[in-house]
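Shown next, in structure tokens, is the structure this report addresses.
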Amino acid sequence: MQGRGGVTGRLHGEAHAVVVLWSEQAAKSDWVKCEASYAAVEGKLAALHIEPFQLGMLPCVFSGYHSEPLAAALANTGNLLGRMKECAD
């Protein structure tokens, strides 16, 4: 599967973490949902959301994954980097 800009699910094998920024448009995108699914299966999903996005808009398959607001993550980059490190370990 090839997405925009030539990025594909094959890159997940090389990545330690895959950051998904959930928004209304991302939640409607089959490509974003597919890439997030690959990352989740591989234990590499680090999800953030862009407020005022409501997490209830996500498909139920993502309901068990933590997602924090992007603004909060940027305000406390230690937490964000820690979550990404957990994915890498």
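- Residues forming a side chain to side chain contact (heavy atoms under 4.5 Å, CB included) with Pro59 (at least two apart in sequence, or on another chain): Lys33, Val61, Phe62.
- The minimum heavy-atom distance linking Ala15 with Lys44 is given by the pair O-NZ, 2.9 Å.
- One distance of note links CD of Glu68 with CD of Glu51; it measures 10.0 Å at 0.5 Å rounding.
- How far CG of Leu45 is from CD of Glu35: 11.5 Å, rounded to the nearest 0.5 Å.
- Leu74 and Leu48 fall within the same hydrophobic cluster, defined by Ile, Leu, Val, Met, Phe, Trp and Tyr side-chain heavy atoms under 4.5 Å apart, directly or through other members.
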Identify each donor-acceptor pair in which a side-chain atom of residues 20-28 lies under 3.5 Å from a protein atom, sequence neighbours left out, and give them as a table.
from	atom 1	to	atom 2	distance (Å)
Ser23	OG	Gln25	N	3.4
Ser23	OG	Ala26	N	3.1
Glu24	OE2	Lys28	NZ	3.3

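- Between Leu70 and His49 the shortest side-chain heavy-atom distance does not fall below 4.5 Å.
- Applying the ring pair (Phe, Tyr, Trp, His ring centres under 6.0 Å) test to Phe53 and every residue at least two apart in sequence or in another chain returns nothing.
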